[in-house]
Structures are given as C-alpha cells and as structure tokens.
Amino acid sequence: MTIITNSTSKIFESFQNRTSHSNSFTRIAVIFSMKIKSALSYKSSLFMVIALNLVTILMYFFFSRLNPDMTIFGMSATYFEFAFVGLALQMVVGTSLSTVNGNIYNEILSGTWPSILIHFNIVEYALGTSLAGVALSSISIFVALSIGTLFLGLEFHFVFRELILIILLLILILLSHIVISMLFSAYCIWYKKNSGLVALIYRLSKTFSGIVFPIVLLTGFTGILSRTLPLTYGLQSIHEILYASDANFNLILYNFLILLGFIIIIGGLSCFLVSKSIKRSKITGSVGWY
Amino acid sequence: MVNNPGLDDVTQSFVNRETTNLNFLKGVGATFKRNIKIIMQYKIILLIGFFNTFIYISLAVFIAKLVPGEEIAADGYIVSSFSFIIAGALVMDLTTKILMKSLNSFVSEQKQGTFETLTTLPFGLKKYCLSEIFFEMVYAIVLFIVYNIPIFFIFNVFYDVTINIFSILTLLLLVFALLLLFFSLSLLAANFTILIKRGKEVAMVIIGILQLLSGSIFPLYLFPQWLKIVAYTSPFTHAVRAIRFCLFGGGNITDSIVWISIIILIVSAVFLYFLFNWTHKKIYRRIQLKGTVHEY
C-alpha cells in the first residue's frame, strides 16, 4: 500500500512540476499532447471517424450527380464543390463544439476532473483539448480533399491572400464554437450531467448554416435561426472568398466583426458561468478535497 | 494467460451462471424498469430529441428543393423529390435511433463501471444483451412515433402519396422485417462494442455505410455499376427500395421487389443472430482475459 501511495504521489509531483512552474502556453501544450496521446490510443475510433466523414462526402457526391443548379453570389459552382467546403468545415466545427464539454463530462465521469482543476484553468483546458480535437479531425479533411481531388473531380483555386483570409476566418469560426462548448460545460460542471444542448447546436449548425444547401432557401423562422449561428457567417464568408473574382478583407469585414463580437460576448459569459460552477463544485462536491 | 487454471475456473463459473435457469421474462421486466427509471432522470434529453428529429427532417426537406424539377423517378414511378427523400430519411431515422440507443447503452454502462456488475449477475450477459436491446428497440420505436407525428403535420409529409390497404399491410410487414434485422444487427454490433468500447462510432459507421448504399437521398441509378452490385448486398438497400415502392408505386406483397426484400431481411436477421451467438462466447472470453471482468 505504501509503495502504491509513494509511486502515485511521485506521478502527481512530476505532473505538478510540469504544470505549476510553467506559463499558459506550456500548460496548453501539456493538455494538447495528453489529449493527442489519449486519442491515438483509440486508433480504431479515429479510423472510424475518418471513414464516416468520407462516407458523408461520398453521399453528397452522388447526390450532386442529380445536377442540382447552384448559383453562389451570382457565380455558378458545382454542387459538390459547394457542399465539400461546408462538409469539411463541419468536421472541425463539430469537434471544436463538442470537445470542451465532452471532455469535461468524461473527466467528471472518470473522476479526473478535480485533479485537472489543480493544474489548469478552464481557458487553458478548453484551448488545449480543442486544438487537439481540431488537429485530429483535420486528418479527415486532408484525406477527403485528397480523395476528392484525385477521384471525384474536385478543384479549388485560390491565391495566397485568399488563403490568409480563409485561415483567419477558420480561427474565428473555431473560437466561436469553443466558447459555445465552454458555455454548456458550465451546466455540465454544475449538474454533473450532459445537457445534450451541444449536440442540438451541432445539428442546428449542420442544417441551417448553409453546409449542404445555400441559406437563400431559408425563409421566415428558419432564416432567423440561421442568422443566430456563427457558422452561417463564417461559411458565407469562405464561400465569398472562394467564388468572388476579387476577394479582399473588406468583403468579409462585416461577418468578421460579427464573429469577433460573438466570441467576446459568449466567451466572457462562459468564463463567468464556468467559474461560478467550479466555485460551487468546490464547495458542495468532491473538489473541496483539493 | 490461457493456461492459468484459476482463470479457467472463473470462466467455468461464469458459464455455469449463465446457464442458470432464471426467468427470462422477469429479467426483461427488470431491465425495462431500470431503464425507464434512468430515462426519467434525463427529461431534457427527451425534449431535445424532438428538436433533433425536426432538424434532421428539415435537412431532408431543404435538400429535396435542390433536385432539378423537384421530381425523382425510380422503379416505374415518379414522385416529388420531397416525398422520395423524406421516405428515405424516416427509415434512416428509425434505424439510426435503434442502433444508436442500443450501442450507447452498453458504452454508458462501461463508462460508469456498471457493466461488469451486470455481466456477472446470475441473469447472464447474453440474456442481458437480448433484453437491453429489446428495450432500446421498443424505446426507439416509441420515440420515433411520438417525435414524428407533429413533424408529419409541420411538413405535410407524403402529401402526394396514394396508398391502398394492401400496400399498407405490406408496408407493416416490411417494417417488421426491418426491425428484426436491426434487432440482430444491434446484438452483433453490441458484441463488438463490448470489445472495443466505442459504441457511438461503431453505430455511426454502420449507419453511414447503410445510408450511402441505400440511396436514402438519391436514386440508385446514379451509382456506377460496380457500386450498384455492392449496394444490393446490403439488405437495408432492398428495404428502403421496397418501402418506397409500397408508398409511391402501389407495391404490395405480390411484387417481386417487395417479397424478395422481405425474404432478404428475414434471412439476414436470422444470419446475424447466429453470428451474434457464435461471436458472443469468444468475445466474452476475450474481455475476461483483457478487461476487468476477470476480477469478479
């Protein structure tokens, strides 16, 4: 028993050394590598997710053979190219949306959440886990893009400036979904159960953000609903960059500011609510031990 | 490991326990009672489930608007793309619910550490699997009906369907055969979920492949010839085709598309059930060697 206690305390000590005498970036890197290692230990799961994403892409490829008419911002595009952008983005958005909340719920279930709280603050944990999730789900995008380009006739042309704008938008899209996930993790920490709302928002984004059909089809309530989802703005801007003849920052400025505002407001609110939940769990729950 | 006599004794004791003649119906009743109590703890998820169904059907509705002329022809009938895609989406919705709920229940037990306890009950793992999946299937059917009734009114689903009594009866028979197939498929998939502990992913991959091959959002003539052959090796493809034929083409039991589909579904269900039986003991022994069940 003494041997076990000694070795366990050594592990904790080493972990503490790695995290307490370090800056935020190092701690985010620790979480990142921890989550990557953990995900890679479930290789079968990783392969299954990639396979599923490919199946989804293939399904819309065959649907595109019905020749749906597509006009995006006055320019005609093939349906498959249009849907591919949305579906690829959906893969990383889904991950950034579900990662923080899902990981916290799993930590609570497996009893490791209190020890995580000793070493990391919630923002570090959110960024570390989400970056790991996004890095892994990006594999699906590269695999799908390779298959699409080689076998399904997919073609994308953009210049360096457009690439920079897309990366900028991608960062904002990811951050806006990470803060939503943080917001719902407050519920998860407070009640120690999953609200199921993250999955609901994912489905809403999947349907009403213009991933597989243009949002011009949405009218009335569904149109309003679409405008409450950050992915709508991000995806609209990415489509604008890809299909406009002269893409520049001014073209995406409006949607850029909306996404930025969304991140600041929801991010601030989530930090406040999560800290309240953690405070409560420290008083009433098992975290009080630490 | 295999030569460990102590472990063999434990295995033998499990086998003995599993053959204990405990009243099966009582066990099923207990499983139902326990699961209903758990479900009632998560009322908000029940409500969210309705919105999820609504969103899923909405996606199908908007995709249908993209089809040129908003009409699709298949198996000698022409129908609006809306009805064609909605029919596929509804079949997918029902079967996804069954498979997802079945596999998630096992993963949930494993995550919370209650799976080992359930495994070692005198009721036996196999009977537990049967009763758990039977419950999840009934639960999925109830949810499917409750969630979709308002959706039928919201979207005016099947506004252009003209169906006679024979087609309705055939449709019920088809759905019954489809449920049998998914009962067996869930049992088999649960076996592998117990082993690799990744129920959600297993379910999603199975559903994804079945959905792609069945042509749930497009007619199968769009497939290249080789993929058409692959598609027709899936019993689910026959089921979706036959259900659509009953709904839109006035199909009934006398049509070859329908009766062949029913036979394929039943034969596949029986085959998968035997496969479950065959793999069950092997997988159970494997988790005893690799997992935590040997501790009991």
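Because only heavy atoms are used, hydrogens play no part in the values below, and waters and symmetry mates are left out as well, while side chains stay in. Sequence lines set the chain letters: A, B, ... in the order given, protein chains first and strands last, and positions in each chain run from 1.
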A:Leu197, part contacting chain B, at a heavy-atom distance under 4.5 Å: both
Point-to-point distance, once rounded to the nearest 0.5 Å, from OG of B:Ser214 to CE of A:Met59: 8.5 Å
Separation of A:Leu58 CG from B:Gln211 CD (nearest 0.5 Å): 12.5 Å
Top of A:Thr207, A:Ile211, A:Leu217, A:Thr222 for chain B proximity - count of heavy-atom pairs under 4.5 angstrom: A:Thr207
Within 6.0 Å of CD1 in B:Ile78, more than 12 heavy atoms from elsewhere: no
Close side-chain approach of A:Leu204 to B:Phe51, heavy-atom, < 4.5 Å: no
Compile the donor-acceptor pairs under 3.5 Å between side chains in residues 132-150 of chain A and protein atoms, sequence neighbours left out, one pair per line.
{"from": "A:Ser137", "atom 1": "OG", "to": "A:Thr95", "atom 2": "OG1", "distance (Å)": "3.2"}
{"from": "A:Ser137", "atom 1": "OG", "to": "A:Gly133", "atom 2": "O", "distance (Å)": "3.1"}
{"from": "A:Ser137", "atom 1": "OG", "to": "A:Val134", "atom 2": "O", "distance (Å)": "3.2"}
{"from": "A:Ser138", "atom 1": "OG", "to": "A:Val134", "atom 2": "O", "distance (Å)": "2.6"}
{"from": "A:Ser140", "atom 1": "OG", "to": "A:Asn53", "atom 2": "ND2", "distance (Å)": "2.9"}
{"from": "A:Ser146", "atom 1": "OG", "to": "A:Phe142", "atom 2": "O", "distance (Å)": "2.6"}
{"from": "A:Thr149", "atom 1": "OG1", "to": "A:Leu145", "atom 2": "O", "distance (Å)": "2.6"}

Partner chain A: residue of B:Leu213, B:Ile63, B:Ile207 with the largest heavy-atom pair count (under 4.5 Å): B:Ile63
B:Phe152 atom CZ, over 12 foreign heavy atoms within 6.0 Å: yes
Beyond-backbone contact of B:Leu66 with A:Leu66, side-chain heavy atoms, under 4.5 angstrom: no
Contact origin within B:Leu227 toward chain A - heavy atom pairs under 4.5 Å: side chain
Parallel, tilted or perpendicular, as decided by the 30° and 60° cut-offs, for the rings of A:Phe213 and B:Phe62: parallel
Which atoms of B:Ile85 approach chain A - backbone, side chain, both or neither, heavy atom under 4.5 Å: side chain
Main-chain N/O of B:Ile55 paired with A:Arg203 side-chain donor or acceptor, under 3.5 Å: no
Residue pair B:Ile217 / A:Phe62, side-chain heavy-atom distance below 4.5 Å: no
CD1-CG distance between A:Ile57 and B:Leu212, expressed to the nearest 0.5 angstrom: 12.0 Å
